[in-house]
Number of protein chains: 2
Amino acid sequence: MAAARVRSGGRPTLEEVAARAGVGRGTASRVINGSPRVSPHTREAVEAAVAELGYVPNRAARALAGNRTDAIALVVPEPETRFFAEPYFSDIVRGVGAALADTDMQLLLTLVGNDRERRRLAQYLTAHRVDGVLLVSVHAADPLPDLLEQLGMPAVMSGRRSASETLASVDSDNFAGAGAAVGHLVSRGRRAIATITGPQDVYGAQRRLDGYRAAMSEAGLGPDERLIAPADFSEEGGARAMRELLARRPDVDAVFAASDVMAAGARQVLREAGRRIPDDVALIGFDDSAVARHMDPALTSVRQPIEEMGRTMARVLLDEIAGEHRERPQIVLPTELVVRDSS
Amino acid sequence: MAAARVRSGGRPTLEEVAARAGVGRGTASRVINGSPRVSPHTREAVEAAVAELGYVPNRAARALAGNRTDAIALVVPEPETRFFAEPYFSDIVRGVGAALADTDMQLLLTLVGNDRERRRLAQYLTAHRVDGVLLVSVHAADPLPDLLEQLGMPAVMSGRRSASETLASVDSDNFAGAGAAVGHLVSRGRRAIATITGPQDVYGAQRRLDGYRAAMSEAGLGPDERLIAPADFSEEGGARAMRELLARRPDVDAVFAASDVMAAGARQVLREAGRRIPDDVALIGFDDSAVARHMDPALTSVRQPIEEMGRTMARVLLDEIAGEHRERPQIVLPTELVVRDSS
DNA sequence: CCGTATTCTGGGAGCGCTCCCAGAACGGCG
DNA sequence: CGCCGTTCTGGGAGCGCTCCCAGAATACGG
């Protein structure tokens, strides 16, 4: 006759563990949370009881009593097709997951759409549903980062909004990556090296252009604005930009596109114009995505250590939650040029 | 001086909402949970108080008191590179997210590795950390589904383990998809139509082969086992299989690969063998991934409605959690042939 | 107009845990 | 051997909510 109504799916409670180990609830709690102020003998007894009973702490109770949730949110901008595209999303998730594996932190996935939703989100996040927030694909005008900062919620973003980012961030070295791409083209004897840029309100895209410019002047290939065509990270945008470049500088012999997808668009146009890759025009992309590997010819591309970025973001966030380093680290991870057939 | 220690980041509690509305805690709770047993007048008062205070219920307290978590877990097999690859993961997440957007269910992302971890996972999941589980990329021998079933935990999987699946599942019509691919090839006048299969312990891969076989005999192209080459969904596997096929049936004039990635491997081999696509050999893949769109020539492929699968999985799970339909629905969503240049 | 059925409402109990305080047990020193 | 400091321990209080039970308010029939 249901002496005790089945609590929580019949799982043992801390109290039961304590009783079994012959100690008090407080002591059992101490052992489970790794407090040092427990005698070895007692500790063993509690640990044995935990094992025998298959005790797993109730998260909700913990969260309620401890005023924390042991959960972090990965906030993903839903409308951004780009972020969802290979390889970004999967790899970030994989990296974050790896960093969290040894922790008992949970990963909450939160898809948000427009700015209104983002504001509402800030409220929800603070209503103590998470201990910290991972932000990806943040635009310069995004209200969320500042909101989180005001609320004092630990947060780390991938990429930065500007050179003087106030939140903790993990970025890849877009500047050096672009430089390496241009350097490689130069070393292959290319002179009329053009670039197709990403949207300039994305800091990373800015840096790729900066890197291009710096490498060009360093190579003594003075600035020629006709070699710079703006686009928006899309395939169609890449194609359009390539057409412009061809019109303005028909002698172009290399193109550095700030994303693989734009490179794919450019390739299409080059092919239609009868230019052979890499013989007539060398082509380099950015991201080292599946698109690059399967393009024909296989695309040389600048690889970002995305999985490692995810891992690093998670680690930085965990530190921040633990109350360490209040100095908002700005981490920049190296990029790497992956040379294939297109250059 | 700190009359009340800042609770929960200073957020209002139900009690405060109730006080402000001039009602009891119970009544306030009823309004917030949409109980009908509240007078319209009272309801309005509470709703006003909620709005003024910006009240958001504390999840942990709710979970503890209500013995539910309002959270579901998406369990992702970590070692499986395939699942993480385009387009599966992103699209499933997107679909699930969309279905959950109107709910206040949270999405927990759980990456699991080997079987040992999976067993441990079952324990954690039951320790009432989630109300339900979404399983993707399940193998025939996976212990997790049965574990969840025993524990009575609501669960839905993508794909099935066999024809007689006991858990709720959402699958795509692999059989019809394969049939459509073969039918298309036949209608283009191909006769020596080969197939490169996926691992046969994956039910979906089985069904694709079944669909191929059925369509072949229907077209009067009797069975020829030499036209069937097994592989493992990998690019290298696809290449190997293609070499076999070329050796066994040099007259092959079409290949249906059970995944785009395998098709990419096959394309490589065909090209090296001097066979033109589609002139000499037509090629069709499965998944309609980015790889297909960017392949040269663009790959004809069978599209699965992955995002919709995600949405459907979430909906079925929510129903199951709500206690509806205990009959474990087996849903099969239609596939669609996307014809491009390779066939 | 009263009794009874029917709504509506307030608040006690309790979910399982952490925090913290006070008391018990132990140790070292004079 | 007694005193005080230190370590260890038990358990009360409380986190914010839901569940549920009585009691209050209202409605209805005779």
Side-chain angles (χ1 to χ4, degrees), chain A residues 2 4-46 49-50 53 55-71 104 126-129 131, chain B residues 3-46 49-50 53 55-71 104 126-129 131:
Chain A
R5 170 149 149 268
V6 184
R7 317 158 267 54
S8 229
R11 307 219 58 88
T13 69
L14 223 211
E15 199 93 38
E16 282 160 20
V17 170
R20 172 134 196 162
V23 303
R25 181 171 26 83
T27 304
S29 172
R30 250 164 255 136
V31 172
I32 282 154
N33 292 291
S35 158
R37 350 198 93 273
V38 184
S39 73
H41 177 257
T42 308
R43 177 178 305 278
E44 268 172 42
V46 174
V50 166
L53 263 33
Y55 171 75
V56 181
N58 179 315
R59 272 183 175 262
R62 236 185 200 175
L64 184 56
N67 201 42
R68 66 187 163 120
T69 59
D70 288 335
D104 65 343
T126 4
H128 259 290
R129 289 173 26 173
D131 294 342
Chain B
R5 169 151 147 267
V6 184
R7 318 158 266 52
S8 231
R11 310 221 51 93
T13 69
L14 223 210
E15 198 93 39
E16 282 161 20
V17 170
R20 171 136 196 161
V23 302
R25 180 170 28 81
T27 304
S29 172
R30 249 163 256 137
V31 171
I32 283 155
N33 291 292
S35 158
R37 348 200 93 273
V38 183
S39 72
H41 176 258
T42 308
R43 177 178 305 279
E44 269 172 43
V46 174
V50 166
L53 262 32
Y55 171 76
V56 180
N58 180 314
R59 275 187 172 256
R62 239 188 197 170
L64 184 56
N67 201 41
R68 67 188 161 117
T69 59
D70 289 336
D104 66 344
T126 1
H128 259 292
R129 288 173 28 173
D131 293 343

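Computed from heavy atoms alone, side chains included, the values below leave out hydrogens, waters and symmetry copies.
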Heavy-atom pair with the smallest gap, counting every atom of B/P12 and B/L53: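 Shortest heavy-atom separation between B/P12 and B/L53 comes out as CG-O, 3.4 Å.
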
Give the minimum heavy-atom separation between A/A49 and A/V17, together with the two atoms involved.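 Distance-wise, the nearest heavy atoms are CB-O, 3.7 Å.
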
With sequence neighbours left out, which residue pairs that include part of residues 19-33 of chain A fulfil the salt bridge (Lys or Arg N to Asp or Glu O under 4.0 Å) condition?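 Listed by first then second residue: A/E15-A/R25, A/R20-A/E52.
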
[N] [atom2] sits how many Å from [X] [atom1], rounded?
X	N	atom1	atom2	answer
B/I32	D/dC17	CD1	P	8 Å
B/L64	D/dC15	CG	P	13 Å
B/R68	C/dG16	CZ	C1'	17 Å
A/E15	C/dC17	CD	C1'	10 Å
A/D104	C/dC17	CG	P	13 Å
B/N58	C/dC17	CG	C1'	13 Å
A/R11	C/dC15	CZ	P	17 Å
B/R62	D/dC17	CZ	C1'	8 Å

Let me check the geometry of the helix from C/dC1-D/dG30 to C/dG30-D/dC1. What is the bend angle between the axes at its two ends, five pairs each, to 10°?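 Computed angle between terminal axes is 40°.
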
Mind checking the CD-OG spacing from B/E44 to B/S39? Nearest 0.5 Å is all I need.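 The OG atom of B/S39 is 9.0 Å from CD of B/E44, to the nearest 0.5 Å.
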
How far does CG of A/D104 sit from CZ of A/R62, to the nearest 0.5 angstrom?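 So the CG of A/D104 and the CZ of A/R62 are separated by 6.0 Å.
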
Go through it in stages, so that I can follow the logic: the residues are B/V31 and B/S35, the test is side chain to side chain contact (heavy atoms under 4.5 Å, CB included), and I'd like the CA-CA distance, side-chain angles, deciding distance and then a yes or no. CA-CA 6 Å; B/V31 171; B/S35 158; over 6 Å; no

When every nucleotide of nucleotides 6-13 of chain C is labelled 5' to 3' by its protein contacts under 4.0 Å (heavy atoms), B for base, S for sugar-phosphate only, - for none, what sequence of letters results? --SBBBBB

For residues [X] and [Y], determine if any side-chain heavy atom of one lies less than 4.5 Å from a side-chain heavy atom of the other.
X	Y	result
A/L14	A/P57	no
B/N58	B/R11	no
A/D70	A/R68	yes

Is A/N33 near enough to C/dT18 that one of its side-chain N or O atoms lies under 4.0 angstrom from OP1 or OP2?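 Checking A/N33 against C/dT18: at least one side-chain N or O falls below 4.0 Å of OP1 or OP2.
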
Does C/dT18 have OP1 or OP2 sitting under 4.0 Å from an N or O in the side chain of A/S29?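 True: A/S29 side-chain N/O within range (under 4.0 Å) of C/dT18 OP1/OP2.
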
